[in-house]
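The structure under discussion appears below in the form of structure tokens.
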Amino acid sequence: MAKYVLAYSGGLDTSVILKWLQITHGADVVTVTANLGQRRELVGVQAKALACGASAAYLEDLQQEFVEQYIWPALKAGALYQGVYPMATALGRPLIAKRLVEIAREVKADAIVHGCTGKGNDQVRFEVSIAALAPDLTCVAPLRTWELHSREEEIAWARAHHIPVSATQKSPYSIDENLWGMSIEAGPLEDPWAEPPADCWQLTVDPDQAPAKPAVVTIEFEHGVPVRLDGEVLAPVELVARLGELAAAHGVGRIDMVEDRLVGIKSREVYEAPAAVALHAARQALEQLTLDRETRRVLANMGQELARVIYDGLWFTPVREAIGAFVDSATHVLSGEVQLKLHRGRATAVGRRSPHALYDPSLATYGDGDTFNHQSARGFIEVFGLAARIASGKRRAQQVKAPQPGVEEVLV
Ligand code: ARG
């Protein structure tokens, strides 16, 4: 009998897959449910898997590893896909894949099964991660191949096979959640012109209804990673959870975007990522204070590259490791404190300080105590502007018209 390890969320798709594998493939199915800090009740998930015929049901608490090994490296780099998406879903997939592979080895499974559709990014992330970690294991994706072509057909199939269908499964939205944020798609969100309906938001208070009085939280970073909130040392999971709650109460973290999927489809997605949005804002404020301009420029490029690598499911690759090494080096001095104001949907840095600050008041001041040598600016500008001066002179000599409007007038 073939043995399959199924990535099991307890939702409709994976519950139907669990039963379907037994009926159509005669398979022995072991389920693995990852706890990445989603609020969904997970205790009942194991019992549900066993009731649906799983031969074993694993529930894996991966929260700490998720924050320390996946979220922190992305945060340090300032990695936001297409400049905005903090990638809660994309960061969780490689970790789930890693645990699936470990359990597949333990139970000597023949294949790993997931419930991703054939038009999303997650199938790619799971399968590329599994291929990198265990090239010999095959992947099965029933949603790409089976005969159930709609949600209604799946619900009917579930009922016919005595699989409980919960009320939340009637929601028009497709939701993926973990500690770093919530990804919400489908239903009324498929019209990119339509404002997201109030009922699509699951975590955050409507910014218009949020308290008029802002909250100011002090976040301390060490080497690019947050370690304290308002002076209190917190474990990584606790820190993200606490800050997330506070930011959500102030309406921080709503993102509405049209996103380019790896498979070529544009899709309208909304996200709620209160802790992620707050921490990225704070990190950026500290970066401004502590990193020199060139390091910031290259780090910004690396952050974009890393976002793309993560989004595309290439976590277990040499390029991700190499970018990580650069980011660790560049952010070694990213230590210090940021005061972050949370107010009606916005997270704004209002203060920053660091033992590594490159900010020098005696150079910056317009008041007394200015130590900047104003005379030296003249020579600097002369050399800095030399190439521009030479190019301009050449054009004049050759009567070449410069392409930009406005410059032409200068030439006559
Ligand atoms: N578009 C996001 C990503 O590719 C989220 C995908 C999962 N979303 C969902 N609602 N199931 O990372």
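Residue numbers start at 1 and run along the sequence shown. We count ligands from 1, going down the list as the structure has it; atoms in each ligand are counted the same way.
Separation of the Trp20 and His25 ring centroids falls under the 6.0 Å cut-off. Taking the six-membered ring wherever Trp is involved, the centroid distance between the rings of Tyr70 and Trp315 falls below 6.0 Å.
Ring geometry for Tyr85 against Tyr311 counts as perpendicular: the plane angle is over 60°, on a 0 to 90° scale with 30° as the lower cut.
In this structure, Arg283 does not pair ionically with Glu220, as no charged nitrogen and carboxylate oxygen lie closer than 4.0 Å.
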**OP:** Starting from the C-alpha separation in whole Å, work towards a yes-or-no answer on salt bridge (Lys or Arg N to Asp or Glu O under 4.0 Å) for Arg297 and Asp292.
**Re:** CA-CA 9 Å; Arg297 186 174 61 79; Asp292 64 276; over 6 Å; no
Original post:
Does the pair His250 and Arg344 meet the rule for a side-chain contact (heavy atoms from CB on, under 4.5 Å), with working shown?
Top reply: CA-CA 5 Å; His250 287 273; Arg344 298 212 156 147; over 6 Å; no
Between ligand 1 and the protein, tabulate every N or O atom pair separated by less than 3.5 Å, reporting distance only.
residue: ligand 1; atom: 1 (N); partner: Glu259; partner atom: OE2; Å: 2.8
residue: ligand 1; atom: 1 (N); partner: Glu269; partner atom: OE1; Å: 2.9
residue: ligand 1; atom: 1 (N); partner: Glu269; partner atom: OE2; Å: 3.3
residue: ligand 1; atom: 1 (N); partner: Tyr271; partner atom: OH; Å: 3.1
residue: ligand 1; atom: 4 (O); partner: Asn121; partner atom: ND2; Å: 2.7
residue: ligand 1; atom: 4 (O); partner: Arg125; partner atom: NH1; Å: 3.2
residue: ligand 1; atom: 4 (O); partner: Arg125; partner atom: NH2; Å: 3.0
residue: ligand 1; atom: 8 (N); partner: Glu185; partner atom: OE2; Å: 3.0
residue: ligand 1; atom: 10 (N); partner: Ser174; partner atom: O; Å: 2.7
residue: ligand 1; atom: 10 (N); partner: Ser174; partner atom: OG; Å: 3.3
residue: ligand 1; atom: 10 (N); partner: Ser183; partner atom: O; Å: 3.2
residue: ligand 1; atom: 10 (N); partner: Glu185; partner atom: OE2; Å: 3.2
residue: ligand 1; atom: 11 (N); partner: Ser174; partner atom: OG; Å: 3.2
residue: ligand 1; atom: 12 (O); partner: Tyr85; partner atom: OH; Å: 2.6
residue: ligand 1; atom: 12 (O); partner: Arg125; partner atom: NH1; Å: 2.9
residue: ligand 1; atom: 12 (O); partner: Arg125; partner atom: NH2; Å: 3.1

